[in-house]
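First comes the structure, then the notes that go with it.
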Number of protein chains: 2
Amino acid sequence: MSRPTLADVAARAGVSAKTVSNVLLGRRHVAEATRARVLEAVTEVGYTVNAAGRGLASGRTGRVAVVVPMIYQPYFAEVAERLILALAEHGLTTTLRIAHDDAAERDAVLGLTTPDVDGVILCPHGLSPEVLGDGIVPRPVVQLGGGIMPSFDCVIMGETEGFRSMTEHLLATGRKRIALIGTGPGGAPQGSRFAGYLEALTAHGIDLDERLLITGSDWDRRASGYEAVVGLLRTGVEFDAVMCFNDAMAVGALRGLRSHGLRVPQDVALTGFDDTAEVEFTSPPLSSVSPEQAQMVAATVRMLIERIDGYAGEPRVVRTGAHLVPRESSAPAESAG
Amino acid sequence: MSRPTLADVAARAGVSAKTVSNVLLGRRHVAEATRARVLEAVTEVGYTVNAAGRGLASGRTGRVAVVVPMIYQPYFAEVAERLILALAEHGLTTTLRIAHDDAAERDAVLGLTTPDVDGVILCPHGLSPEVLGDGIVPRPVVQLGGGIMPSFDCVIMGETEGFRSMTEHLLATGRKRIALIGTGPGGAPQGSRFAGYLEALTAHGIDLDERLLITGSDWDRRASGYEAVVGLLRTGVEFDAVMCFNDAMAVGALRGLRSHGLRVPQDVALTGFDDTAEVEFTSPPLSSVSPEQAQMVAATVRMLIERIDGYAGEPRVVRTGAHLVPRESSAPAESAG
DNA sequence: ACGCTGAATGGCAACGTTAACAATTGGTCC
DNA sequence: GGACCAATTGTTAACGTTGCCATTCAGCGT
């Protein structure tokens, strides 16, 4: 016995297939008695809608592509999981795409590698307007995290705000020479996160010491944080705190500091960004900044669904907050055991 | 201009739609010249196959559901990522399903929550034959990890083997009282992993001390390992090594040991299982057992594709190996700094 | 020369659903 | 009472692809 169709349900309920369809789609003008009878027939025969048929007739697939550079990094895994669950609540299924590089992200956005979805959620690795070029974006796209893109809706994290408050937190707890490990095209950390760091220093009348700016080889690898901190130690520059652009680098940096005999937080304070689950269980637990993932995901899904439903206004930008999550790794040096 | 169809390609190439379809499906009996002309037309008009149409006509969706209990735990994230990439190589797209509990896993296997896929890959949390009941499995299912299920193909990790060699490794490096943190229905660790531990002890003529067996509250949370080790310390039982059922618990256990002033590996050796990326960057890095993920994933995908292609033999069991990955956390007590 | 074989291609129907519209019913308004 | 409206249900024709089968044609053996 093969999978039941609308016709089977219709026969059972004594109505036409179209009426069953109307009930399932929640159309108005269906008598209450009919609706009840149809729903009963649906469960009796065990009907589930055939996505291929529906897709062909309606032009909608009910599917959304979530594009991430990788999922083995906790930040992306957590975001992807939240997105999948949020989309499921709206009846949308998810196909997860792993886009390792800029070109793969571009192809996903342009629809070359993501046909047959109603929309795309992009968690970018490093996609920039230049890489995207002037290709037509053929389908709703919402970007979660990363910089502002002119072609589609973007949800921007409170990076500057988060780094400003983290920097102030470190200054307030007695740290004076704060190294920054991040990424940037020019060999030194740049962008919104760097901006927050700089704002806080300026506000406290501290000059920027460029010897404290270290570039990790790769935004997303723990090894990158390890290498960066080892490089910093090798220069012999004095420092009493290390801020990392994200948690993954901070975990690597922690290992680097410890393997050189430095204690966290007694000798050096250490902080991350993203507030992923992994930094709660390092030794010591790492201070981080929570980018309000729940807010970001909610805004992303809301905007995507609006676009799928036909909204065609100008690209929008939503900025979410960020709050400090202080833990043991940034406790004042003197008070720590 | 809407998305091009087979008819558009056909018009461009001067053939029928059916011939274009034949070329795209790699059918025999297509002249080389025709094939070339069709492929050229495909790129010229930018054609991509419409999955809904193909699905409706062929009965295949080209999609596979990967069911995991969560993805924010590195083990599942890593496996899911490998599966997605391996399936993509075979032209299959993936929908990721998060199944939090046994009932959700059962529903995914039975197809209730995974219609419109050609097959299901299940990475189980704790699905057992009893939970599955005698429901008919309506579509190919392959299980990766977990125990043997009578209803579908299973890939079984070398759990016993891995725990046996890890236990022997610890004994060989001078540890005498090895605690085991895991899960089991009876309040003590059980199953294949426990069996490996026991085999090694028996082989060395060591009696099992049940006070060294601790059950974590939850297989997959780091907090569970933390709580377990704290509970163990509270009992006052002597131990010089802790083996955990997986890396997540080991990370939590490490935190628990450190926060009670115990040094790893000088005072206590500590080990995990799964060899996830996270244990390379703890302090110290944790010894673990690699379950040969690449092998497991390859076998899983191969068996699923065979099933999708119509193979209908009895459920099969593939056992993959496991090898020890010793790191600093299990170095001999006297030699460690 | 004839039928036969196999290669190459195309015609037609079907997959399960929904959009657009038609039809029927029952009631309301003047 | 008749025209009109709203509510409800049904009819027909797509949507884009592939399966099945028919057709054409060239080359071959006899």
Side-chain angles (χ1 to χ4, degrees), chain A residues 1-39 41-42 45-63 91 93 111 115-118 308-310, chain B residues 1-39 41-42 45-63 91 93 111 115-118 308-310:
Chain A
M1 170 67 186
S2 86
R3 189 168 160 185
T5 72
L6 276 188
D8 299 323
V9 178
R12 181 90 180 201
V15 294
S16 76
K18 187 68 222 312
T19 297
V20 177
S21 171
N22 285 336
V23 170
L24 264 32
L25 293 176
R27 292 284 150 81
R28 294 173 318 180
H29 304 319
V30 176
E32 196 45 55
T34 310
R35 174 187 310 279
R37 198 146 33 91
V38 166
L39 291 177
V42 164
V45 305
Y47 172 81
T48 53
V49 63
N50 178 313
R54 170 175 286 179
L56 202 50
S58 70
R60 296 275 188 86
T61 62
R63 222 172 307 127
T93 61
D116 302 309
V117 295
D118 293 338
I308 291 174
D309 286 345
Chain B
M1 172 63 187
S2 84
R3 187 168 161 187
T5 71
L6 276 187
D8 299 323
V9 177
R12 181 91 179 201
V15 295
S16 76
K18 189 73 226 309
T19 298
V20 178
S21 171
N22 285 337
V23 169
L24 263 33
L25 293 175
R27 294 283 149 81
R28 293 176 317 182
H29 303 321
V30 176
E32 197 45 54
T34 310
R35 174 187 309 278
R37 199 146 31 90
V38 166
L39 291 178
V42 163
V45 305
Y47 172 82
T48 53
V49 63
N50 179 312
R54 171 174 286 178
L56 202 50
S58 70
R60 294 276 188 86
T61 62
R63 222 172 308 128
T93 61
D116 302 308
V117 296
D118 293 339
I308 291 175
D309 287 344

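So you know, we letter chains A, B, ... as the sequences are listed, proteins then strands, and number each from 1.
Among residues two or more places apart in sequence or in another chain, the side chain to side chain donor-acceptor pair (under 3.5 Å) test is passed with A:Thr5 by none.
When all heavy atoms are compared, the tightest approach of B:Gly46 to B:Pro4 is O-CG, 3.5 Å. Here the shortest heavy-atom pairing between B:Val49 and B:Arg3 reads O-NH2, 2.9 Å. A pairwise comparison of heavy atoms in A:Val9 and A:Val38 identifies CG1-O, 4.1 Å as the closest pair.
Contacts between residues 50-63 of chain B and DNA chain D, counted as heavy-atom distances below 4.0 Å, involve B:Asn50, B:Gly53, B:Arg54, B:Leu56, B:Ala57, B:Ser58. For residues 17-30 of chain B, proximity to DNA chain C is found at B:Lys18, B:Thr19, B:His29, B:Val30, defined as any non-hydrogen atom under 4.0 angstrom from a strand atom.
Note that CG of A:Asp116 is 11.5 Å distant from OG1 of B:Thr61, once rounded to the nearest 0.5 Å. Rounded to the nearest 0.5 angstrom, B:Asp309 CG and B:Asp118 CG are separated by 9.5 Å. With values rounded to the nearest 0.5 angstrom, B:Arg63 atom CZ is found 6.5 Å from A:Thr93 atom OG1.
Both A:Val49 and B:Arg35 lie near DNA chain C, and the one whose nearest nucleotide falls closer to the 5' end is B:Arg35.
Pairing analysis of DNA chain D (Watson-Crick: purine N1 to pyrimidine N3 plus N6-O4 or O6-N4; G-U wobble: N1-O2 and O6-N3; both under 3.5 Å) yields stems of 3 or more pairs at C:1-30 with D:1-30.
Rounding to whole angstrom units, CD of residue B:Glu32 and C1' of C:dT9 are separated by 16 Å.
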Pairs of donor and acceptor atoms involving the side chains of residues 12-25 of chain A, under 3.5 Å and at least two apart or interchain, shall be tabulated with distances.
{"from": "A:Arg12", "atom 1": "NE", "to": "A:Glu44", "atom 2": "OE1", "distance (Å)": "2.6"}
{"from": "A:Arg12", "atom 1": "NH2", "to": "A:Glu44", "atom 2": "OE1", "distance (Å)": "2.9"}
{"from": "A:Ser16", "atom 1": "OG", "to": "A:Lys18", "atom 2": "N", "distance (Å)": "3.3"}
{"from": "A:Ser16", "atom 1": "OG", "to": "A:Thr19", "atom 2": "N", "distance (Å)": "3.3"}
{"from": "A:Ser16", "atom 1": "OG", "to": "A:Thr19", "atom 2": "OG1", "distance (Å)": "3.3"}
{"from": "A:Lys18", "atom 1": "NZ", "to": "A:Asn22", "atom 2": "OD1", "distance (Å)": "2.9"}
{"from": "A:Asn22", "atom 1": "ND2", "to": "A:Lys18", "atom 2": "O", "distance (Å)": "3.4"}

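When DNA chain D is scanned 5' to 3' for any atom under 4.0 Å from a heavy atom of chain B, the first and last hits are D:dG16 to D:dC20.
Phosphate proximity of C:dG10 to B:Ser16: present, with a side-chain N or O under 4.0 Å from OP1 or OP2.
Side chain of A:Ser58 to backbone of A:Arg54: a donor-acceptor contact under 3.5 angstrom is found.
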